[in-house]
Amino acid sequence: MKAKQDQKMEDIELELGEYQKAPTNEDVEAPSDTPSKPETTPPSPSFSKLLSMSKPEWKALTLALLLMAGAEVTGLYAPLVLSDCYNIIVDPTQTSASVKSAVSTKMLFVFILHWAGIAGGAARGMIIAVAGERVVARLRNKLYSHILSMEMGFFDKKKSGDLVSRLGNDTALIQTATTSSCPEVFIGAVKIIATLSLMLFISIKLSIVMFSIFFVLLLLCIPFGGFVGRISREYQDSLAVASTFSTEALGSMRTVRSFFSETKEISRYKEHIGSPGSHRFWYPFDSPRSTYKTGTIKGIVSPSFGAFGFGVALSAMYATLWVGFYDVVDGKLSLGKMVAFQSYVFQMGIGLATLSGHFIALMSAKGAAARIFELLDRESEIKLESGIKPSGKMKGDIVFDNVEFRYPTRPETAVLKGFNLTVKENESVAIVGRSGAGKSTIIGLLQRFYDVSEGSLKYDGVDVKDLHQGWVRSNLGLVGQEPTLFGLSIYDNLTYGIADPSSVTKELVIDACKQANCHKFITEFPEGYETLVGEKGVRLSGGQKQRIAIARALIPCPRVLLLDEATSALDAESEHLVQCAIDEVMVGRTVIVIAHRLSTVRKASKIIVLHEGKVADEGTHDELMKRCHIYSDLVSRQPSAQCKNVCFRKRDEKTIFL
């Protein structure tokens with residue numbers, strides 16, 4: 001039996017594909033997060049666009065650039081001073097006293113240059129470090145705000161782990177590139193040009209030898225940079241997928257533990273991180289794309305190229321020494337000039353090594369920047385801040401006029417077709433139907449998570465597209481089947497829907513909790529309203545979380561109350577307490593109830609029967625029982641009161657009552 005179950009799970013995973021996430025909603029109409037078309041790799045941004053992310057810090061970075069340039073100038077000028085010392089020492093016309101005096105003066109000047117460069121370098125480092133933190137903090141805030149402004153269809157397509165990876169790893173790479181690597185590359189290039197100029201000033205012959213060698217190295221850097229950028233992008237992509245799997249698993253540990261799926265989750269994570277122990281050699285020859293494989297390639301290629309570059313620099317130094325010795329012997333070049341030239345060769349070698357390191361970081365950042373700009377350049381299809389804000393509260397009149405709706409992830413399937421519904425002020429309407437009929441979709445449209453594909457949805461006679469989303473949602477109160485609580489105190493969760501929690505009095509919160517039948521059990525906790533509920537409210541029972549959710553929905557005093565299967569996941573006792581709370585808060589509000597249970601819908605002013613995205617019938621319970629076979633069939637499937645608390649299961653063709 002277990003083998004069949006395992007085989008079935010493997011078949012399901014094969015059908016879902018590598019990157020598809022299983023739907024979480026119980027209804028069929030819930031959108032799948034698998035995009036209809038394969039995602040394309042975003043193009044790498046230009047360097048100017050990359051640098052624009054640090055624009056507010058350009059003044060500070062310019063100062064750091066000047067300090068860096070000053071420090072480099074001191075380092076370049078010192079060898080010229082030292083060359084004079086070498087020439088003075090070997091000058092036979094100088095007395096011992098005059099040599100010591102001249103050398104002391106010049107060496108004192110060298111020390112001044114040296115410490116001036118050190119001070120400038122330290123100041124530059126501090127400025128760049130602070131500027132980098134400012135850039136990454138501003139970027140993360142901007143990116144997070146932009147992500148939260150996206151329409152709900154965006155989150156149906158994107159995975160949370162991927163978005164978290166962009167907020168964390170990708171922005172850190174941008175921080176390094178825009179505040180450190182870019183200035184270092186610029187100054188490094190200027191330093192090399194200045195060094196080459198000084199070398200030409202000392203000896204054209206030796207400089208030609210140097211130029212020919214370093215020109216070959218420069219030609220090799222161009223394709224290498226593109227390769228590193230591609231590898232870095234693949235690394236970030238693999239890490240993002242692994243982060244998605246880990247975020248899902250860690251956020252659903254009870255489900256993982258219930259199905260004993262720890263091994264499966266470890267395998268999914270390891271598939272994209274890589275498994276070093278699975279390879280006899282360090283390099284994963286036959287491994288699929290993973291952070292280990294791409295990181296290994298980068299770890300092998302980058303040091304190899306760096307070592308090659310350093311080797312070329314030393315070879316150039318030895319070659320110029322060889323030629324330089326001949327020139328000194330022939331009297332064409334002084335000893336001091338040759339030593340200064342070799343010092344510049346060595347500085348150029350170090351400069352090239354540093355430049356290549358920052359160039360690699362810059363190429364890596366371009367790959368990360370492409371993923372970030374993909375988000376920042378995307379405009380939300382539903383604007384949060386657009387629309388009018390009517391004065392006063394909403395009356396509560398709701399009209400669906402010939403609405404057709406298709407989820408953005410499945411545009412080929414119409415979930416609602418010609419849907420019409422009129423709800424009057426303070427009227428309570430229950431919507432029933434089989435799973436997949438479109439009930440939860442209606443709740444999503446009422447909150448404008450999505451826009452209707454055709455037709456219109458109006459509040460108080462105004463199209464919801466013309467209303468400010470904040471005003472609409474401030475007049476709506478939602479209680480879902482699985483209420484989401486944050487890892488805060490009970491009081492903070494209760495006031496979560498208030499823009500300024502300090503404007504809400506404790507008495508108002510307590511009154512809402514009394515209406516929702518949760519004040520009593522809250523006060524029984526040692527910390528009362530300051531009790532921490534844990535991540536997703538794990539320290540509370542299902543009934544307690546549901547009643548807190550009802551109180552949270554009541555505190556903003558909504559005119560329209562949306563109840564989406566608010567009692568379906570509760571036991572009999574919790575359902576009774578929650579239902580009593582719901583019955584009390586429904587008075588004086590427009591209420592739309594999505595429910596399967598007969599006890600929840602019988603008290604509604606009218607019941608809407610939804611079938612295949614259309615209204616099949618509407619009326620009271622008694623009216624629908626007489627004329628609507630869909631409704632009567634749903635009611636007939638409800639457990640009777642006598643059997644409500646009876647549980648049975650089938651084993652070996654026998655029915656055992658418990």
Side-chain angles (χ1 to χ4, degrees), residues 44-76 112-148 163-192 194 225 228-229 232 235-236 239 243 302 306 347 350-377:
S44 296
S46 63
F47 282 109
S48 60
K49 192 171 185 179
L50 184 63
L51 285 172
S52 67
M53 304 178 89
S54 61
K55 189 173 183 178
E57 312 304 325
W58 279 2
K59 291 182 179 179
L61 291 175
T62 300
L63 176 59
L65 203 64
L66 293 174
L67 290 171
M68 191 187 306
E72 295 297 339
V73 167
T74 60
L76 291 174
I112 293 174
L113 290 175
H114 171 68
W115 283 107
I118 293 295
R124 180 262 302 175
M126 289 185 286
I127 293 173
I128 285 180
V130 175
E133 292 301 324
R134 290 171 61 86
V135 167
V136 75
R138 188 182 294 108
L139 177 58
R140 283 172 176 161
N141 288 333
K142 180 179 180 180
L143 183 59
Y144 187 61
S145 301
H146 193 72
I147 290 173
L148 291 186
L163 297 177
V164 170
S165 177
R166 299 192 192 196
L167 280 168
N169 301 324
D170 292 354
T171 53
L173 290 175
I174 298 299
Q175 172 190 9
T176 302
T178 56
T179 59
S180 178
S181 295
C182 277
E184 290 284 357
V185 167
F186 176 75
I187 288 296
V190 172
K191 178 181 179 180
I192 289 174
V228 169
S232 299
Y235 184 92
Q236 294 299 321
L239 185 60
S243 298
S302 296
Q347 287 196 39
I350 295 176
L352 283 172
T354 304
L355 185 64
S356 63
H358 286 290
F359 184 71
I360 291 171
L362 205 55
M363 290 298 103
S364 300
K366 284 195 72 176
R371 290 157 48 85
I372 289 178
F373 279 117
E374 181 189 18
L375 295 179
L376 291 178
D377 292 342

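Side-chain contact between Leu143 and Leu376 is present, with heavy atoms from C-beta onward closer than 4.5 Å. For the pair Pro56 and Arg134, the minimum side-chain heavy-atom distance is 4.5 Å or more.
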Identify each donor-acceptor pair in which a side-chain atom of residues 116-133 lies under 3.5 Å from a protein atom, sequence neighbours left out, and give them as a table.
| from | atom 1 | to | atom 2 | distance (Å) |
| --- | --- | --- | --- | --- |
| Arg124 | NH1 | Glu184 | OE2 | 2.9 |
| Glu133 | OE2 | Gln175 | NE2 | 3.0 |

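With a 6.0 Å radius and a threshold of 12 heavy atoms from other residues, nucleotides or ligands, Trp115 has its CH2 atom at or below the threshold.
Going from atom OH of Tyr144 over to atom CG of Leu375 covers 13.5 Å, rounded to the nearest 0.5 Å. The structure places CG of Leu61 at 9.0 Å from CE of Met68, a figure rounded to the nearest 0.5 Å. With rounding to the nearest 0.5 Å, the separation of CD1 in Ile147 from CZ in Arg140 is 12.0 Å.
The two residues Arg166 and Arg371 come nearest to each other via the heavy atoms NH1-O, 2.8 Å. The two residues Ile174 and Leu139 make their nearest non-hydrogen contact at CG2-CD2, 3.7 Å.
Looking at Thr74, its side chain does come within 3.5 Å of a backbone N or O of Ala71 through a donor-acceptor pair.
Remark: Asp377 pairs with Lys49, Phe373 by the side-chain contact (heavy atoms from CB on, under 4.5 Å) rule, at least two apart or across chains. Under the salt bridge (charged side-chain N to carboxylate O under 4.0 Å, His left out) criterion, Glu72 pairs with Lys191, sequence neighbours left out.
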